[in-house]
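Just so it is clear, the values below take in all heavy atoms, side chains as well, and ignore hydrogens, waters and symmetry mates.
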Number of protein chains: 2
Amino acid sequence: MSALREKILNTATDLFQTRGINSTGVDTIVAVAGTTKMTLYKHFHTKEGLILEVLNKSQQDFQNWLDDKLNSNSKAPADKIKQLFDFIEEWVTSPSFLGMGFIKASAEFPNEENPIHQLSSKQSLEFRQYISKLASEANIKDADGLALQLSLLFEGAVQAEQMNRGSGAIKYAKKAAKLLIDGATHH
Amino acid sequence: MSALREKILNTATDLFQTRGINSTGVDTIVAVAGTTKMTLYKHFHTKEGLILEVLNKSQQDFQNWLDDKLNSNSKAPADKIKQLFDFIEEWVTSPSFLGMGFIKASAEFPNEENPIHQLSSKQSLEFRQYISKLASEANIKDADGLALQLSLLFEGAVQAEQMNRGSGAIKYAKKAAKLLIDGATHH
DNA sequence: ACCACTCTATACCGCTCTGTATATATCTAT
DNA sequence: ATAGATATATACAGAGCGGTATAGAGTGGT
């Protein structure tokens, strides 16, 4: 894969997060990435195509990182879901964290028929399903219900963190998650 | 207060929610509102000024509606906080609900020095403080902590509803809220 | 040495954006 | 009836947007 393509992708990811998607022009992206529009448009057919690829890559990076963490730190399914918010906290409080792409994108493209909105919605659903799988492996009866609740806490905490960097909201989300998980677990 | 001014404000509120703020031009607003740019710019000095007023009015409408509901339905503080998510559900599932302004606005203007972002952040904080007041009146010890958790659930549920209209996420947020409130209450 | 390919540089098109200038119309208060 | 405020209609300026055209520079393989 082309190094320039990667560079454009990473630059766009940063700029979209820090300045907004609609507010970031293609000219700005290529200027910061140190290339030209011709090169960008050879790798990505339209700006919308670039946005979709940025969203996909961002979500893949997050999901892969999280999955690795969960699998390397513990094998027991009951432990995995309990550790979920520990790793989410690590991700969200990392200095390189600038926000979750699909959350911001869905706000900037509120029309449900817009491809960017649809991808955001799909990613949100997929993450929820990932949590649900963790929950059902931990033998929790209403796995989907718990997963939905945890995803609300997650998205709320990310939202709070995007609004006020270093707000510490994630710490309280973690506590709430623990309570919800305990409440949903068979005793 | 001018009727046209009101009309512009309401039209802008709708369009910002359904099409996004940056994607909604001033020309579109005046065309839908049935007036002209000259009139708009006599009432609002800049588009940013209009956005700020839209955000303020939206939040005031929500807060006033919620406060009225809570005060008319019950006087006991312990009941008020328990009913909080019942009314939030009523608000969010109403057909006229199109999203929360400050959540979308903070995503479209991620820079923390941007006035629109700052107002969004302030409104989020004020709503959290409102919940905290409910909690402390209900004699809950860690009122701020519970308020933060409930606000995360709220913002997460709104986020989910904005992504998928009629997702039913708010029902699960309500259940989670009940569990958190019970857990934080003295027995 | 030459070809094919990728990247650069720069200029441009057509459109949309915010905001303003100008001139006209409508309405109300005295 | 007339003055003053308010709204309309329309045109325009200046900038930025996404996307393309064209021509040339660098680089690797054969």
Side-chain angles (χ1 to χ4, degrees), chain A residues 1-56 101 104-105 107-111 113-117 119, chain B residues 1-56 101 104-105 107-111 113-117 119:
Chain A
M1 187 169 305
S2 165
L4 258 172
R5 185 191 157 88
E6 205 97 335
K7 178 79 178 165
I8 292 170
L9 219 40
N10 291 335
T11 304
T13 304
D14 271 24
L15 289 174
F16 288 162
Q17 288 289 352
T18 54
R19 304 188 189 184
I21 300 174
N22 280 316
S23 303
T24 303
V26 174
D27 297 87
T28 305
I29 296 172
V30 298
V32 175
T35 179
T36 65
K37 279 208 279 191
M38 285 314 299
T39 305
L40 184 146
Y41 277 105
K42 243 160 215 161
H43 287 294
F44 311 94
H45 301 129
T46 61
K47 188 189 177 184
E48 182 173 288
L50 172 60
I51 297 170
L52 292 171
E53 288 220 38
V54 163
L55 286 180
N56 272 324
K104 287 183 178 172
E108 283 211 57
F109 302 91
N111 187 334
E113 283 161 37
N114 181 296
I116 298 170
H117 186 99
L119 177 59
Chain B
M1 186 168 305
S2 165
L4 259 172
R5 186 190 155 88
E6 205 98 334
K7 178 79 177 165
I8 292 170
L9 219 40
N10 291 334
T11 304
T13 304
D14 271 25
L15 289 174
F16 287 163
Q17 288 288 350
T18 54
R19 304 188 188 185
I21 300 174
N22 280 317
S23 302
T24 302
V26 173
D27 297 87
T28 306
I29 296 171
V30 298
V32 175
T35 180
T36 65
K37 277 207 280 190
M38 286 314 298
T39 304
L40 184 147
Y41 277 105
K42 245 160 214 161
H43 287 294
F44 311 94
H45 301 129
T46 62
K47 188 188 177 184
E48 182 173 289
L50 172 60
I51 298 170
L52 293 171
E53 288 220 38
V54 163
L55 287 179
N56 272 324
K104 287 184 179 172
E108 283 210 58
F109 302 90
N111 187 334
E113 282 161 38
N114 181 295
I116 298 170
H117 186 100
L119 177 58

Nearest atoms (heavy-atom pairs only) where B/Pro110 meets A/Gly20: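 So the two residues come closest at CG-N, 3.5 Å.
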Proximal nucleotide (of D/dT20, D/dA7, D/dA9) relative to the A/Met38 side chain: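 Closest of the options to the side chain of A/Met38: D/dT20.
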Interatomic spacing from OG1 in B/Thr11 to CD in B/Glu6 - rounded to 0.5 Å: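 If I round to the nearest 0.5 Å, the distance is 10.5 Å.
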Separation between CD of B/Glu53 and CZ of B/Arg5, rounded to the nearest 0.5 Å: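 Here the interatomic distance stands at 4.0 Å.
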Specify the separation, in whole Å, of atom [atom1] of [X] and atom [atom2] of [N].
| X | N | atom1 | atom2 | answer |
| --- | --- | --- | --- | --- |
| A/Phe44 | C/dC7 | CZ | P | 11 Å |
| A/Arg5 | C/dT6 | CZ | C1' | 15 Å |
| B/Ile21 | C/dT18 | CD1 | C1' | 16 Å |
| B/Lys37 | C/dA21 | NZ | C1' | 12 Å |
| B/Arg19 | C/dC17 | CZ | P | 10 Å |
| A/His43 | C/dC5 | NE2 | C1' | 12 Å |
| A/Leu4 | D/dT27 | CG | C1' | 14 Å |
| A/Leu40 | D/dA21 | CG | P | 16 Å |

Which residues pass the salt bridge (Lys or Arg N to Asp or Glu O under 4.0 Å) test with B/Asp14, not counting sequence neighbours?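 Scan of B/Asp14 (salt bridge (Lys or Arg N to Asp or Glu O under 4.0 Å), adjacent residues dropped) gives none.
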Are any of the side-chain nitrogens in A/Glu108 or B/Arg19 under 4.0 Å away from the carboxylate oxygens of its partner?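 Judged by the 4.0 Å cut-off on N to carboxylate O distance, A/Glu108 and B/Arg19 do not form a salt bridge.
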Under the side-chain contact (heavy atoms from CB on, under 4.5 Å) test against A/Leu50, which residue among A/Thr13, A/Leu55, A/Leu9, A/Val26 passes?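 With A/Leu50 as partner, A/Thr13, A/Leu55, A/Leu9, A/Val26 yield a single side-chain contact (heavy atoms from CB on, under 4.5 Å), made by A/Leu9.
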Given D/dA9, is OP1 or OP2 found less than 4.0 Å from the side-chain N or O atoms of B/Thr39?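 Answer is no, no contact under 4.0 Å.
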Tell me whether the side-chain N/O atoms of B/Lys47 come closer than 4.0 Å to OP1 or OP2 in C/dT18.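 For B/Lys47, the contact criterion (side-chain N or O under 4.0 Å from OP1 or OP2 of C/dT18) is met.
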When you measure from every atom of DNA chain C, which of residues 22-35 of chain B have a heavy atom less than 4.0 Å away?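 Residues of residues 22-35 of chain B under 4.0 Å from DNA chain C: B/Thr24, B/Gly25, B/Val26, B/Asp27.
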On DNA chain C, does the nearest nucleotide to B/Lys42 precede the nearest nucleotide to B/His45 from the 5' side, or the other way round? Give the residue.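 By nearest-heavy-atom nucleotide position, the 5'-most residue is B/His45.
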The criterion is side chain to side chain contact (heavy atoms under 4.5 Å, CB included); which residues satisfy it with B/Thr35, sequence neighbours excluded?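 Only B/Leu4, B/Ile8, B/Val30, B/Ala33, B/Thr39 meet the side chain to side chain contact (heavy atoms under 4.5 Å, CB included) criterion with B/Thr35.
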